Amino acid sequence: MELQAVLMAAGGGSRMTDLTFNNPKPMLPVGNKPLVWYPLNLLERVGFEEVIVITTKEVNKMMSTDPKIKDVKIKLDVVCIQEDGDMGTADALRHIHQKIKSDILVVSCDLITDVALHEVVDLFRAHNATVAMLMSKAHEFTEIVPGQKGKKKTAEQRDFVGVDQSSKRLLFMANEADLEDGLSIRKSIMRKHPRMHLKTGLVDAHLYCLKKAVVDFLTENKSISSIRGELVPYLVRKQFSKTTDSHKVKEDAEDQNQKKSDCSTNHEILISSRDEPLLQLSQERSCWNDHHGDMSEAYHGGKLRCYVHIMDQGLCFRANTIPAYMEANRLTPKLFEEPAVHPSAVISDRCQMGSDSIIGALSQVADKTSIKRSTIGNSTTIKEKVKVTNSIIMHGVTIEEGCNIQSSVICSNVVIGRGADLKHCLVGSGQQIDSDAERNNEVIVGTDQLMEI
Amino acid sequence: MADGGVTDGPDKNDDVERAKCEGKEMTKEEKQRLRKEKKQQKKSKEKKDDAASQESEKGKKSDGKSSPASQPLPKPTTQKEAPAPADKPAKSKAELKAERRARQEADRASKQGSKKGEVGPQASAGKPKAPPSELQPVVKRLPEHMQVDNPDVLKKLAKKLERQQIPLRLDYGYKVSLFSHLHQYSRKAPLTQQLSIPSTVIHPAIVRLGLQYSQGIVAGSNARSVALLHAFKQVISDYTTPPNEELSRDLVNKLKPYISFLNQCRPLSASMGNAIKYIKKEISNIPSQCKEEEAKRKLLNCIECYINEKIILAAKAIAKYSIEKISDGDVILVYGCSSLVNHILCEAFEKAIKFHVIVVDSRPRLEGREALRRLVQRGISCTYVLISAVSYILPEVSKVFLGAHALLANGYVMSRVGTSQIALVAKAFNVPVLVCCETYKFCDRVQTDSFVSNELDDPDDLIVTRKGKTQLEDWQQVDSLGLLNLVYDVTPPDFVDLVITDLGMIPCTSVPVVLRVKNVDQ
């Protein structure tokens, strides 16, 4: 068995709490399919037969009843964890380490992409890498987030990613939040890779190929709780650590047995893929080197290698913020060639529907309505003379006559009264908007949600 | 039949003897009559003689018939004489019957004689004929990787790959017409594009190996063989015999699609081919009553031994022989990056021999840089030139050491493209050329030119960007332009002075002897 797929679907959607209060993030509808369907579809297309899905009980219940997920042919091995437990992704891996028998491919539930997955996995295979990940050039989301007052600050939370000349080897990775004094790069990195490209405009797709030794390392080292935030930067740093030299590793091991000091170096022995003697011999005899100009052998003799595949064309983003979510709704119908209007929907003839809108199953759209650049969910009812522009309407919504909805997100089971005018609003689930209400740039949620503060 | 002639003969003899005895007392008239009859007999004799002579000749040549065959010669003549006088005086019914019988048997004898005669001369002539018919080529089938421009062969290959569930790798770009019979692949279109992740049909170790071959991470004859054997070790350890199958047969069948896959990633080298033959032989020699665990252990052991003997120890032996040829003050020229030659030079340096090395390199691979790095790291003083400068530095060179990819059965050396160039120029300057090659790279193939069987590498490797400009970027749009990136070339044995193998130092022409000895051993 070469690779085992692990799907992380237990995230709370901390960056879009308004949406995810009643709908767990994996089940948010995007293009009338639950969000978690997209990574499952990616894995299925590529040839995986089984996935380990880490999720909460609530999501598991919803998944088992959802028709789209039942359509998925891949076998789901669901592992439920506590909802409120503050489990990071690395903690989740530690939780399932018994099931892991080979190298793993970790995917997040909010990844929507059409990447050729073999590009990432080939890097992992060919260079015997410890980590291989996927990154993409960031989209500028031009959506005005409903309910947000003021301009969005984009300067925070930047990721600094350093790659080598071939743009494949990952040399440096840090988040701006972790860099207090400034960006410092070790001399050992510069000596080995004198040319490094630092990029800030990349978005991490949270798709990682990890060696089994890394999972074993995680089980021993319980201080790491997030793959993205802690594990990957740690591994990237350890590539150039002095102790990865094989001779020194033995010395350090002896020292540790005496001193009982920092046990992490002990685990590096576990991580640094012990190249078997034949592989070593083959590498010695091979006339290939990944770099030229200095005296060291291929990979500078380092056993720990991190690789990244940077996508410059194609679709790749994570629907974990509200603008990303809205963008996702707009782009995903183009990924799959499905009819824009579900066959079971009842649409009257005098309805103006734009070409980039989709309407879900069992919906009813009455006369003289205009639907442009929008997504209408399943079982929604839209009465006459309604104008829906640039909005996302989830399942079970009732919109009475004469409403005007622009750039809004209406969650499920909402009833919008007659003549209401909503612009840039976010209406939480189960809410009721009074007739002739005029809301602009507001988040309308229930009082129990407000209590969270 | 001759037997019939024999039985009839004595009867006729008696009549003749009687006639002769009577003829002594004959009158003149009777004598004249006798003379006339003789003339008539002669005429009839001539006719019968032709038939009889054929009969007798064929009878002579047929084995085991020589003695009775010689007898009918005088007998038919006497037979013909006898019936003539006997006919006239008294032809009894019995005699007529006997005559008829004799004629029939003579016919039969002539027919059989003719048949036997045909067989006879053919049997004797058969022996000289048989070797020519053996030499007549039983249509030798060209391997399919040399017949890419033949659509039937391509169809066959596609079918075979489909059966083995391996994706077909498509050729890329325009191929120069002289080499259109070879495959040309692009590195940007790896075979893994069409495979599922995780790979279930092909063992992951083999997929990894194929990727490393196609991207050039494992390059060099020895490295490729070692990596191949390592991957096979993993395959064998992960193998479980399905029920009702024998390990010896099933494992060989399992390996066939893997070998096809590796061939698609990059054409197999001669050393890899020999290694595969060895493994297949070892697997099929496993006795059927052997338990699976023990069989696997045995196979893994065999592979270890093979690598140890044929690669590691062979390198040591070759180094030992070569060091005898390196003396103080030598200037040695090497080409490209041969793991064996590098090993030899490092060993020679350890033995404190003072020599200087000139590393010759060529585009697009520029493997010489890696050789240069390894030698300089040891402390050997080196000079680095490109192959265009070979004729300028050769006056300073005392010896040329070359590595080989394979040694062919007619003594030709197959090596990295450019090697024959260097050997040629060295010959012109009277510089000795020594080729170092392990015996496991000897192959049965015969080749006299570099066109028939070669490897075409990715043509995009020739594209280079200097000062921001890439001149050959759109080479595919130019109709009259073709990029050719050859990998191997063949050096004739006239340019090679000595081949150093683990069996000793042999001349180039002794390669078929070594091959014969190897085959006898096996």
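Quantities reported herein were computed from a predicted structural model and do not represent experimental measurements. Every chain is numbered from 1, with letters handed out A, B, ... down the list of sequences.
In terms of modelled atom types and a separation under 3.5 Å, the side chain of A:Arg125 and the main chain of B:Arg208 share no donor-acceptor contact.
Looking at A:Glu297, the atoms closer than 4.5 Å to chain B (heavy atoms on both sides) sit in the backbone and in the side chain alike. Heavy-atom distances place no part of A:Ser102 under 4.5 Å from chain B, backbone and side chain included. Using a 4.5 Å cut-off between heavy atoms, B:Leu209 does not touch chain A at all. Both the backbone and the side chain of B:Val376 come within contact range of chain A, with heavy atoms under 4.5 Å apart. Interface residue A:Asp294: only backbone heavy atoms are found under 4.5 Å from chain B.
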* To do: Start with the C-alpha distance between A:Leu281 and B:His230, add both sets of side-chain angles, then the distance that settles side chain to side chain contact (heavy atoms under 4.5 Å, CB included), and finish with yes or no.
  => CA-CA 10 Å; A:Leu281 177 68; B:His230 171 77; over 6 Å; no
Criterion side chain to side chain contact (heavy atoms under 4.5 Å, CB included) on B:Thr192 and A:Val121, from CA distance to verdict:
CA-CA 9 Å; B:Thr192 48; A:Val121 182; over 6 Å; no
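The candidate from B:Pro204, B:Ala371, B:Gly210, B:Ser225 with the greatest count of non-hydrogen atom pairs under 4.5 Å with chain A is B:Pro204. Chosen from A:Ala298, A:Ser296, A:Gly293, the residue pairing most often with chain B at heavy-atom distances under 4.5 Å is A:Ser296. In terms of non-hydrogen atom pairs under 4.5 Å with chain A, the most contact-rich of B:Ile197, B:Leu195, B:Leu211 is B:Ile197. In terms of heavy-atom pairs under 4.5 Å with chain A, the best-connected choice from B:Gly220, B:Ala219, B:Ala227, B:Ser196 is B:Ala219.
With rounding to the nearest 0.5 Å, the separation of OG in A:Ser286 from CZ in B:Arg224 is 10.0 Å. Rounding to the nearest 0.5 angstrom, the gap separating the CG atom in A:Asp122 from the CD atom in B:Gln193 is 8.5 Å. The CZ atom of B:Arg373 lies 6.5 Å from the NE2 atom of A:His291; values are rounded to the nearest 0.5 Å. Here A:Leu279 contributes atom CG and B:Gln212 contributes atom CD; the two are 7.5 Å apart, rounded to the nearest 0.5 Å. How far CZ of A:Arg285 is from CG of B:Leu340: 7.5 Å, rounded to the nearest 0.5 Å. Annotation: the span from A:Asn289 atom CG to B:Cys337 atom SG amounts to 10.0 Å, rounded to 0.5 Å.
Of all heavy-atom pairs spanning B:Val226 and A:Leu278, the tightest one is CG1-O, 3.6 Å. Nearest heavy-atom pair, B:Gln215 versus A:Ala126, reported as atom, atom and distance to 0.1 Å: OE1-CB, 3.7 Å. Closest heavy-atom contact between B:Gln377 and A:Met295: NE2-O, 2.8 Å. Summarising the geometry of A:Cys287 relative to B:Glu367, their closest heavy-atom pair is SG-OE2, 3.4 Å, with the distance given to 0.1 Å. Between B:Pro190 and A:His118, the closest heavy-atom pair is CG-CE1, 4.0 Å. Scanning all heavy atoms of the two residues, the minimum distance from A:Tyr299 to B:Ile217 falls at OH-CG2, 4.3 Å.
In terms of the ring pair (Phe, Tyr, Trp, His ring centres under 6.0 Å) criterion, B:Phe232 has no residue partners (sequence neighbours excluded).
Environment of CZ in B:Arg187: crowded, with over 12 heavy atoms of neighbouring residues, nucleotides or ligands closer than 6.0 Å. By the neighbour-count criterion of 12 heavy atoms within 6.0 Å, atom NZ of B:Lys316 is sparsely surrounded, having that number or fewer from other residues, nucleotides or ligands.
Contact annotation for residues 35-50 of chain A against chain B (heavy-atom separation below 4.5 Å, listed by residue number): A:Val46, A:Gly47, A:Phe48.
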